[in-house]
Protein chains: 2
Amino acid sequence: MAPSNRKLSERQTKMLEYITDFVKEHPYPPSVREIQLGCSISSTSVVDYNLHILRREGYIKRSPDISRGIQLLDKDTGRAMGLQTSIAVPVFGAIAAGEPLMAFPEASEAEETLELPASMLPPRTDGMYALRVKGQSMIEDLIDDGDVVLFQRRESASPGEMVAAWLKERGEATLKRYYPEGARVRLQPANSAMSPIYEDADKVEVQGVVVGVIRMYR
Amino acid sequence: MAPSNRKLSERQTKMLEYITDFVKEHPYPPSVREIQLGCSISSTSVVDYNLHILRREGYIKRSPDISRGIQLLDKDTGRAMGLQTSIAVPVFGAIAAGEPLMAFPEASEAEETLELPASMLPPRTDGMYALRVKGQSMIEDLIDDGDVVLFQRRESASPGEMVAAWLKERGEATLKRYYPEGARVRLQPANSAMSPIYEDADKVEVQGVVVGVIRMYR
DNA sequence: GATAGTTGCGAACATCTGTTTGTAAACATA
DNA sequence: TATGTTTACAAACAGATGTTCGCAACTATC
């Protein structure tokens, strides 16, 4: 059944609110009877009836025959909320460490994992990974030593974008701004004390573009 | 019963791993029988027995008589994991907007809320809030216009710390480095084009110290 | 070897919980 | 008014699920 996009009734709104509050305060979703009590509804069948509507309208997802099998969805994106909201972003070692990034890194292979809320991230969250920055080559772009930089995996970049680049011949990964210049590529640090790297275009492999920076002071 | 800090048995380790994996893949915790099947255990009572041990050792919390009432805890901090892992940090408007921060801001009153994983944050997460930075007064400390800055609410700061300061007489909040100098306070911007603010100590109110910076490129 | 503690087993029990059924009131529509 | 749809109710049903009990095997300690 397709969503009718009808406005929710007062009762349905209250139920949705109750479920939202409930999962914030408990480590498990509410049962039908808890919703019944919490919303002063006289019968479980009424709860079930309205849960069907909430499901049809895309507000929740239900796992049949499973107790507490109610899952909140984001009405707009359809993305699961609650437990599933946070997305595991693998954090790899230092960007200058000299190891190429695996083609399809598994979060479990990473030395560390960063659980970020989906709301913080762009719509596309697959192929997202993070690197801990070593050195101050991007200091003038406000990226410091020790910062965690979020990347979106991509194999090409627009001129001027900040990228993680793999230098095939040197066996080295680096964080720089990307400027294609004919047959070669200029990798520009954001540090006036440092010089750009020039490399043949076919010896440079873009591994991702910067989408965010996170810095925590200790 | 106090934790014995004994090493977990192979079976208990496997159960804990199963629960951890389960909550990552489902919006609800596992039932006793699902754990039984998932760990190839012959009886639910054995599961119950070992769950008791996991609870005693501080790995989980159980809600009696409630189906799927298992909650993972962080063994070290005792903090709840799973749904409760993400902490709602209220994001208020621009730091220079000219409004004092409320004493106890509710996440619900904030214009926006940032759900951050507890693992990213310091142990103390109450009194945590965020401000969106307006202007480039802290550019040399690598904080740019538009960045979201995380604060820990505090009423005093050590010299040199970055603080959100409330200037009572000016009716203005500002993000600066904090330098007490006798009877007055120097609020130092990190921007050589800008001058420090000098103010009587009793006319300056520290509202929080910077604990992190988050920047997302669009 | 005796004893106590730990771990495991199977079955039964009690209750929690999703689902279904039959009925009815309220409402809109033709 | 007649008809169909939506919403609500109460009760019962069936399955899911936490809990308990008695017993046995194993282990450590004295």
Side-chain angles (χ1 to χ4, degrees), chain A residues 1-19 22-23 26-73, chain B residues 1-19 22-23 25-73 82:
Chain A
M1 183 102 69
S4 69
N5 287 319
R6 205 171 311 179
K7 201 182 153 204
L8 292 184
S9 74
E10 189 179 331
R11 177 158 279 181
Q12 285 147 16
T13 307
K14 188 170 180 186
M15 282 173 55
L16 203 54
E17 190 181 332
Y18 178 80
I19 298 170
F22 191 99
V23 295
H26 301 81
Y28 42 81
S31 69
V32 169
R33 276 169 186 80
E34 281 164 346
I35 298 173
Q36 180 194 359
L37 282 175
C39 300
S40 307
I41 298 173
S42 65
S43 167
T44 59
S45 63
V46 178
V47 176
D48 185 69
Y49 167 75
N50 287 289
L51 283 178
H52 270 87
I53 295 177
L54 288 178
R55 185 179 58 86
R56 188 188 67 202
E57 300 298 324
Y59 290 94
I60 63 169
K61 191 176 158 188
R62 292 186 79 186
S63 307
D65 295 326
I66 285 182
S67 67
R68 304 176 181 276
I70 297 176
Q71 178 177 13
L72 280 170
L73 298 179
Chain B
M1 184 103 70
S4 70
N5 287 317
R6 206 171 311 178
K7 202 182 152 205
L8 292 185
S9 73
E10 190 180 332
R11 177 159 278 179
Q12 286 148 16
T13 307
K14 190 171 180 184
M15 282 173 56
L16 203 55
E17 190 180 332
Y18 179 80
I19 298 170
F22 191 99
V23 295
E25 287 164 24
H26 301 82
Y28 42 82
S31 68
V32 170
R33 277 168 186 79
E34 282 164 346
I35 298 173
Q36 180 194 2
L37 283 175
C39 300
S40 307
I41 297 174
S42 66
S43 169
T44 59
S45 65
V46 178
V47 176
D48 186 68
Y49 167 74
N50 287 288
L51 284 178
H52 269 87
I53 295 178
L54 288 177
R55 184 178 59 84
R56 188 189 66 201
E57 299 299 323
Y59 290 94
I60 63 169
K61 191 177 156 187
R62 292 186 77 185
S63 308
D65 295 327
I66 286 181
S67 67
R68 302 176 182 276
I70 297 176
Q71 179 177 13
L72 280 170
L73 298 178

At under 4.0 Å, does any side-chain N or O of A:Ser42 touch on OP1 or OP2 of D:dC9? yes
Selection from D:dT19, C:dG18, C:dG8 that lies nearest to any side-chain heavy atom of B:Val32: D:dT19
When you match A:Ile53 and A:Asp65 each to their closest nucleotide on DNA chain D, which lands nearer the 5' end? A:Ile53
What is the distance, to the nearest angstrom, from the CD atom on B:Glu34 to the P atom on D:dA16? 10 Å
To the nearest angstrom, the NE2-P distance between B:His52 and C:dG5 comes to 18 Å
Distance check needed: D:dT20 P versus B:Arg33 CZ, whole Å only. 14 Å
When you compare the side chain of A:Tyr18 with that of A:Pro30, does any pair of heavy atoms fall below 4.5 Å? yes
Is there a side-chain polar atom (N or O) of A:Asn50 under 4.0 Å from OP1 or OP2 of D:dT6? no
Return no unless some side-chain N or O of B:Arg68 is found under 4.0 Å from OP1 or OP2 of D:dT17. yes
In whole angstrom, what separates A:Ile60's CD1 from C:dG18's C1'? 13 Å
Rounded to whole angstroms, how far apart are CG on B:Leu51 and P on D:dT17? 14 Å
B:Asp48/B:Arg62 ion pair, N-O < 4.0 Å: yes
Using whole Å, report how far CD of A:Gln36 lies from C1' of D:dA11. 12 Å
Does a distance-only test, which skips hydrogens and angles, find a donor-acceptor pair under 3.5 Å between the side chain of A:Ser45 and the base of D:dC9? yes
Atom pair distance, as rounded to whole Å: NZ in B:Lys14 and C1' in C:dG8: 15 Å
Of the candidate nucleotides D:dT7, D:dT17, D:dA12, which contains the atom at the shortest distance from the side chain of A:Tyr49? D:dT7
For the side chain of B:Gln71 and the backbone of B:Ile60, is there at least one donor-acceptor N/O pair under 3.5 Å apart? no
Check whether any side-chain N or O of B:Gln36 sits under 3.5 Å from a backbone N or O of B:Ser42 as a donor-acceptor pair, and report yes or no. yes
Under the 3.5 Å rule, do the base of D:dG18 and the side chain of B:Ser67 count as making a donor-acceptor pair? no
Report yes if a side-chain nitrogen or oxygen of B:Arg11 is closer than 4.0 Å to either non-bridging phosphate oxygen (OP1 or OP2) of C:dG8; otherwise report no. yes
With a 3.5 Å cut-off and heavy atoms only, can you find an N or O donor on one side and an acceptor on the other between the side chain of A:Arg62 and the base of C:dG18? no
Is it the case that the base of C:dT19 and the side chain of A:Thr44 share a donor-acceptor contact (distance under 3.5 Å, atom types as modelled)? yes
Is A:Ser31 touching bases, backbone alone, or none of the nucleic acid, heavy atoms closer than 4.0 Å? sugar-phosphate
Working for side-chain contact (heavy atoms from CB on, under 4.5 Å), residues B:Ser63 and A:Tyr28: CA-CA 10 Å; B:Ser63 308; A:Tyr28 42 81; 3.5 Å; yes
From the list C:dC9, D:dT19, D:dT17, which nucleotide is the closest neighbour of the side chain of B:Val46? C:dC9
Roughly how far, to the nearest 0.5 Å, is the CD atom of B:Gln12 from the CG atom of B:Leu51? 9.5 Å
For atom CD1 of B:Ile35 and atom P of D:dT17, their distance in whole Å: 11 Å
